[in-house]
Amino acid sequence: IYARFYLSARDDLGRFYAYLMLFMGSMLGIALSENIIQLLIFWELTSVSSFLLISYWHQREEARNGARMALTITGLGGLALLGGFILLGEVTGSYNLSVILASGNMVREHVLYQPILLLILLGAFTKSAQFPFHFWLPNAMAAPTPVSAYLHSATMVKAGVFLLARLFPALSGTAEWSWLVGGVGLITLAIGAYFALFQHDLKGMLAYSTISHLGLITLLFGIATPLAVVAGIFHIINHAIFKASLFMTAGIIDHETGTRNIRQLNGLWQYMPHTGLLAIIGSASMAGVPLFNGFISKEMFFAEAITRTSDLQLWWLLPVAITLASTFAVAYSIRFIHDVFFNGQAKNLPQTPQEPMRWMKIPVEILVALCLIIGIFPLIVQPILGPATVSALQAPLPEYSLALWHGLNAAFWMSIIALLGGGLVYICREHLFKFHDCIDVNLDGKTIYNFILDCLYSSSTRLTGLLNTNSLQNMLFVFFLFALILGITPFIGSDSAITGTRAILSLDALSLLVVIGAITTAISVVIIHRRRFVALIMIGAVGLAVALVFVKFSAPDLALTQLSVEVVTIVLLLLALYFLPQQGQLEIGVLRHSKDLLLASVAGVGATLLTWAVLTRPYENIASYFTEKSLPEGGGKNVVNVILVDFRGYDTLGEITVLAIAALGIYAMFDRLRLSGPTHDQDHREWNWDTKPLVMATFSHLLLPLSLLVAAFILLRGHNQPGGGFIAGLITSVAIIMQYLANGNTWTQSRLPANMHPLIASGLLIAVLTGIGSCFFGYPFLSSTFTHMYWPIIGDFELASAMIFDLGVYIVVVGATLLILINLGLLHQALPKSKNIKDQHLWKR
Amino acid sequence: MLTYALMIAFGLVSIAVAICFWRLFRGPDTPDRILALDTLYINTIALLILFGIYLGSALYFEAALLIALMGFIGTAALCKYILRGDIVE
Amino acid sequence: MNQLIISPVILPLLIGILLLFLREQDIFAKRVISILSLITQLSLALLIIQAVSHGNILSYALGNWPAPFGIVLVADRLAAWMLIITALLSIFAFIYSTLGTDRVGRHFHVLFQLQLFGLNGAFLTSDLFNLFVFFEILLLASYGLLLHGGGRLRTKAGLHFVVVNLAGSTLFLFAVGTLYGILGTLNMADLALRAASVAPENIALVRAAGLLLFSVFALKAALLPLYLWLPTAYANTSAPVAALFAIMTKVGAYSILRVYTLIYGEKAGPAANLLEYWLLPLALSTIIVGSIGLVGSKHLRTQTAYLVVVSVGTLLTAFGLSSTLGISAGLYYLPHTTFATGALFLLVDAVLIRRGDFSDRLDPGPVIASHHLFGGLFFITAMLMAGLPPFSGFLGKFMLIKASLNHPALPWVMTIVLIGGLLSMIALARSGSLIFYRANAAYVDETITKIKVLPHTHRPNTRELLPIFGLLSLCLAMTICAEPIIRFTNATALQLLSPEQYVHAVLGKRS
Amino acid sequence: MRRLLPSPFLTPILAILWLLLVNSFTIGQVALGVILGWAIPFFTLRFWPDKVTIYQPIKLLRLICIVIYDILIANFIVARLILGNPDRLKPTFIIIPLRLKSDIAISLLANIITLTPGTVSSLLSPDNSQLIVHALDTDNAEALIASIKARYEKPLQEIFEKC
Amino acid sequence: MQEYLLSFLIITGASFTLIGALGLARLPDFFMRLHGPTKATTLGVGCLLIASAIYFSMHSEQFSLHEVLISMFLFITAPVSAHLLAKAALHLQVRSLAKVPKETQD
Amino acid sequence: MEALISVMIGVLTACGIYLSLRNRTFSVVLGLTFLSYAVNLFLFVMGRLTVGAPPIISDAQTKYADPLPQALVLTAIVISFAMTAFVIVLSLKARADLGNDHVDGKEEA
Ligand code: NA
Ligand code: NA
């Protein structure tokens, strides 16, 4: 009701009420949860909905900041609570509250007690704005008033102390509990009261007072005597009532005057005496003036504080501290009334105040009435207090007396001292303000929070920048280093020798020569890698040496493949090099070079040792299966080929798909790719005039049918002899590349199918359909079959379905390689024809 | 007899291969290196043939055939690059 | 012979080929075929999950060659789970791409299908080398997709992504080679058998191979310190691709889970528990670094990319506990984080196109069209990502911490996971606040000249909202149906921790 | 005819080469060779810019024999030059004016020059009228030019160019 | 007898291969070096191929003539390679002992 | 012989790693090429070194080299070929988009 009138019409009420409902629902959920996980869920929901409520006026800077601060702090607590609850659940074996509460002793004796306690208290303290997390509450004040009122005085912050109360039987009764809960409560009580006095914002003052009162309640739970618990619960109720009324009053003042600055607000009594009266009663209750409900719980608190500490050495400290805190409480209560409603005339009010609408006051009136009623007839809360306490204590209700008058005991005197002292402090407030301003070193929680967050953001940004320099060199370095470390660790402490027991082959001079040649070439490439063209020539020699190794050690198929791939790769690199700088720049940084060199060397030694270790060990393998089954069941003599198209045809299907994807990806990259090549070579020499050397062109025409014949040969015999679809495909491509080299792009292009995609697709399709074909016969994918057809005259002619698969491979390879090469060639054509030879001459002159 | 001849032949071709490598490193000009690579290809064919006879296996024939083709394409592409930069122009 | 297992692999391949025959202009036909294919894949995944839901493991010998000689596909609970996650994610990512991403470059649809071919193949294979092949397929397709559309930053990020992964592929082969060189087989089940009885002098080699393999998987999964490629790559690609890539890091996580429960699991004899000292600390550090990156991001997309890093860390923390509960928690967390990051990538894209030149910079910008809708969606996604209750993210984290209870690393896991959650929350609250709350109509006036298309003209359309809502509702569904799902993930974890089932299914009598 | 058998000349050659390749002479392989020899020209003929006609096949055979003989000789000559003192060699570039017109003839000449004694054809002028040849060791350039023209160019002209 | 023939062919082939390479090593400028490999190696490889043809014709039930193909390839490609190399060298104006005719400088 | 091959693989690996750590795309491509040589050889020799026993069934032979690594290397060669082609074109695209051939697109002073 109150909210309806407070919020102006332009605000989106639906959203507001949705948030509010969510919030109230969650609070209710917390209160009613019988299961701690359920409780936790509602707990987090209150944090979230409070974030939404506080940030409701998100156009305001302080609303956004306050909301985020609240979410951060309570979120931190929520997560701590999650941890604490899980541990608690583990210790007690149940997430059920009743079980947990019943197993208090078990919890207290468990090794995990301390972490559980710390985590749960962290949750409770952050929620209840206990020191050092108190600062979010005042900053959450930017929210619309009724929300703040409801949220902060009555519910949200109480969730924390509610939790303390709820888990009291399970966790309390230890020294840690007393010191932590009591200590934090005491500090919060004192700090809250002290800061409340110096606030100039009405809501800020109320917020700090709330903090202070929460500290009081926490302290009561920390004292942990049954009566203190009773007092605590009683004060929860009392505080809810008077603080809500005060918040609403403050809201009314804000609404009517347009400001909440205490220094601006003066003498409102003449404009709104009714509201003033309500405020006086609320404040009096807050200050603990007799006849009001706040007095009674405070009285109980004083009493318990004395009882509890009388057996300690520093027994006088606690009562003195709380008396001092109460003094400040009284002082700010007086300030709230006197500075706002009296004390001269209002200055520069944005609006002329008047009594608010009737409906806005009614809720306040009811609350204030409650203050009075409980204050005078405390026993009426018995029906609420009793069961609440029983559930909190999980023990019979202690004897206590709720009465206005307990006689002239110490507690009473403390109340009196506080009241008088408070009056005195208020009178001397001007001096105190000065004093406060002097010592104000801005070390409040908000500053620290902001400092921490700023540090977090900036250091995160810096750290992230530091870690992720977005440098490929670093990424690769880290990767290689990581792999190296991981690869080495298993050998540390391993007592088995690197060299195994297998007999090794003797070395021959030719192999030594070829390998040394390859090694030297490789090292030379590293040394001269900036002279790119020369590096390419040398790479060719390394590739050749690798092919020779394949030949030497019984892998003719591999040698064929290596040779063809080598040449196609070099052609590709040459095509690309044209568009890149011919000469690499010198890379600066001795450190980087030596670091890389060291890593590379260690990795090289590692690879060497690994190879050596494996090669000198005998192993049992599955190879014999392939050599045995290849001919009778795979229908081919070339075991490698039968593996490729049959035993592991699935790999090959994947492999040609990779090739096809590469071609398609490259094709996609060429989209809108524009590059211009140099008009001169690296020595500033013009290019030669001869684009199509005649001799080469002629013989390339001649070689084409020959090469195709060879390709057909390699393709068809692959199943039984070295060869196969892949190599045949590369030969075909190379033959066509030869046409490109000799005759140029345009000429060759016009003689080839314009679109290679259908070719690739057909090849893949053939391969897949060959595989699927077997599915129709009830066999698994890629099952092969072969027949020997004894055709009249022609003779034995073997046809294996796997050979059709190989045909698919062939087509894909041709399609993919050509697609790549053609497009690379077209890259140049896509340019304006400015680097015509004639233009060059013109330009030179 | 044949074995000895093969051994001697392997030795001779090995020296040829070594020379090619030497020229490859030595240069001095780019065409020298290409020539060295081209010669290396041809020497490899020789090696493969010898190896085939040595093992009595015809399985290395295709490799030799392929080198004849591939070595040519490699050399041609490298030369074309020197001449024109854009090798498929 | 039951052809069910092969079908999710072959279908996208066939469709991809079919799409390749179509011309560039047939965009409508391509979309229809693609979406039909995706739906069929989902149905197939559902059929498979139904077929394995009783704990049986299906195997499929390709070419009718028995394991370990031929390649055998295996569908167990884990594989089925990954299939279904992939299918769901890809449907929504694809729908979003039809907003126009699919037509800004060439071959998007083909690459998309082939990406799925790679993914599904990787999840189903039981052969280590075949896994390599499918890794390459999915990587190459992902390179194509990553670069799709072009642009300066995308090219640079793509170059880094490609080169780093190529180095990874090389290492993969080194590891596979070593394993074959010592154990003489490639089938993972057979490897498991042989690794368990490996000769003492070979133990170090087998372990080294396993660790090399781990560094490859860690690279794909973007585990610390190998995550460096991820933020720029994910932040700079197109939204639907980034969303689809939400599953990519999970492939690495999947492989880690598969290989290290099967070959190097508890029962693997001398090679057992290989990752004991590696995975958990690295995963936890990944959470830390990811969270720091999250807080330190200056762009929303980078932030989302760091969320991927954090989620990888969390996921692998769960797997690193190597207990039934831990793996189960991870398996529950996996689809959650996949869907949520997917949704976030799409959402961020939807927001940034409405912010004109402000793009996804974390600066206050104009009030975007449908401000409340997107703000609300962002808020829910943020809650999902930060692990706030009552959503699936919370459940996942809850399960994770619960699983770590009996683990010696409990304090670390708990502290880091919780702080990671807090940092996510702080960072996302800040971003949301900057983008939605601090948005100001004034910015529109100031920068009206800069914004080419007035943001207000962008009305959200179905193809934009459906995927976001779809992915988010999957997360919600995961929350609501948490119980059966957790039952399933528990069963999956149990199945993974008793690898003899897998071995038996693959090798039959031999085991 | 043209459509069914695009290259009556190439088909048998390819078939023979096929038989050489497969290294076996069975009816099946002959059939396969013929099929390939018939099929490949369908694709490759478009790469042949102009039709090659051989007017005097006998002379072609004779030329081949001459060339093979010259190659043998050339090798021994070059071997001697290489093994001798390299400093005594007198390398020269010589320019051969060409009378040949057809591409195939010019190309063959260039190749033959390279294959034979101490000469490497180095450059063809843009209008195909001159061939620059590098000679490893020559005292009399004119004599060398004359011998090349007589020994190779003339037969080539007779074989490939209708006079 | 056949063995002697084979051995002779093999040694000759290998020798010529080596001589070609020696030319590569010993001759003073690029154009001269070009002569060695292009000629000597063709003959060297040619001899080896003939040896191979004889050997495999002897050792299997049928004639082995496919070596002819390699020779054919080489005889076509080696001169073209040499031609292109010379062309490239002229283009680059590499050091030459012979006087380079001005016609090459287009 | 085994030692020789091991050293060869080691040197190729080292060269590959060093080159791939350079800051120009072309060097990186060269490095990756070296790495693929190294790994192909490595994978191949995992079937151990056998001379004169190609895995092609014939009556004259009784022992065969392990054919499986050979088949794997074939697949690996094709895949690395596809990848190399892709990186080569990507480096061109990077050159076009970033304006230089630095791997991070920045030109050092
Ligand atoms: Na083959
Ligand atoms: Na089969």
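Below, all heavy atoms of this structure are taken into account, side chains as well, without hydrogens, waters or symmetry copies. Sequence lines set the chain letters: A, B, ... in the order given, protein chains first and strands last, and positions in each chain run from 1.
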*Tell me, please, whether Tyr619(A) has Arg48(F) positioned over its six-membered ring: NZ or CZ under 6.0 Å from the ring centre and within 45 degrees of its axis?*
yes
*Under a 4.5 Å heavy-atom cut-off, does chain A meet the side chain of Leu43(F), its backbone, both or neither?*
neither
*Picking from Val78(F), Asn40(F), Leu30(F), which has the most non-hydrogen pairs under 4.5 angstrom with chain A?*
Val78(F)
*Search all heavy atoms of Ala14(F) against all heavy atoms of Gly604(A) and return the closest pair with its distance.*
CB-CA, 4.0 Å
*Measure the shortest side-chain to side-chain distance between Ile5(F) and Trp612(A) over non-hydrogen atoms and say whether it is less than 4.5 angstrom.*
no
*Do you know which two heavy atoms are closest between Ser554(A) and Ala53(F), and how far apart they sit?*
OG-N, 3.0 Å
*Please determine if Asp59(F) and Lys637(A) form a salt bridge, counting it only when a charged side-chain N lies under 4.0 Å from a carboxylate O.*
no
*Heavy-atom distance under 4.5 Å to chain F: side chain of Ile820(A), backbone, both or neither?*
side chain
*Any sub-3.5 Å donor-acceptor pair from Gln70(F)'s side-chain atoms to Asp557(A)'s backbone N or O?*
no
*So do the side chains of Ile504(A) and Met1(F) get within less than 4.5 Å of each other, counting heavy atoms only?*
no
*Per-residue contact mode, Leu12(F) against chain A (heavy atom under 4.5 angstrom)*: side chain
*Pick one of side chain, backbone, both or neither for Asp508(A), based on which atoms fall under 4.5 Å of a heavy atom in chain F.*
both
*For Phe81(F) and Leu659(A), what are the C-alpha separation, side-chain angles and deciding distance, and is it a side chain to side chain contact (heavy atoms under 4.5 Å, CB included)?*
CA-CA 8 Å; Phe81(F) 166 67; Leu659(A) 201 56; 3.8 Å; yes
*Is any side-chain heavy atom of Ile661(A) closer than 4.5 Å to a side-chain heavy atom of Phe86(F)?*
no
_Taking the side chain as everything from C-beta on, heavy atoms only, tell me whether Val525(A) gets closer than 4.5 Å to Leu19(F)._
yes
*Does the side chain of Leu68(F) reach to within under 4.5 Å of the side chain of Arg648(A), using non-hydrogen atoms?*
yes
_Winner by heavy-atom pair count (cut-off under 4.5 Å) against chain A, out of Val51(F), Val29(F), Val103(F), Leu49(F)_ = Leu49(F)
*Any chance you could measure Ile643(A), atom CD1, to Leu72(F), atom CG, to the nearest 0.5 Å?*
7.5 Å
*Nearest 0.5 Å please: distance from the CG atom of Leu92(F) over to the CG atom of Leu575(A).*
9.0 Å
*For the candidates Ala85(F), Ala65(F), Ser91(F), Ala38(F), which exhibits the highest count of non-hydrogen atom pairs separated by less than 4.5 Å from chain A?*
Ala85(F)
*Under 4.5 Å from any heavy atom of chain A - which part of Leu90(F)*: both
_Does any part of the side chain of Phe579(A), heavy atoms only, come nearer than 4.5 Å to the side chain of Arg95(F), both counted from C-beta?_
no
*In terms of side-chain heavy atoms, does Glu628(A) have a donor or acceptor partner in Tyr64(F) at a distance below 3.5 Å?*
no
*asked:* Using every non-hydrogen atom in the two residues, find where Leu476(A) and Ser20(F) come nearest and quote the distance to one decimal.
replied: CD1-O, 3.2 Å
*asked:* Which label fits Tyr18(F) and His529(A): parallel for a plane angle under 30°, tilted from 30 to 60°, or perpendicular past 60°?
replied: perpendicular
*Side chain / backbone / both / neither for Val614(A) at chain F, heavy atoms under 4.5 Å*: both
*Measure the acute angle between the ring planes of Phe553(A) and Phe44(F), then classify it against the limits of 30° and 60° as parallel, tilted or perpendicular.*
tilted
*Find out whether Ser511(A) and Leu4(F) are in side-chain contact, i.e. whether some heavy atom of one side chain is under 4.5 Å from a heavy atom of the other.*
yes
*Please report the C-alpha distance between Gln585(A) and His102(F) in whole Å, then the side-chain angles of each, then the deciding distance to 0.1 Å, and finally whether the side chain to side chain contact (heavy atoms under 4.5 Å, CB included) criterion is met.*
CA-CA 10 Å; Gln585(A) 279 187 352; His102(F) 191 283; over 6 Å; no
_If we ignore hydrogens and angles and just use 3.5 Å, is the side chain of Gln473(A) paired with the main-chain N or O of Leu21(F) as donor and acceptor?_
yes
*Any donor-acceptor pair under 3.5 Å linking the side chain of Asp104(F) with the backbone of Leu472(A)?*
yes
_CG on Leu597(A) to CD1 on Ile17(F), rounded to 0.5 Å_ = 11.5 Å
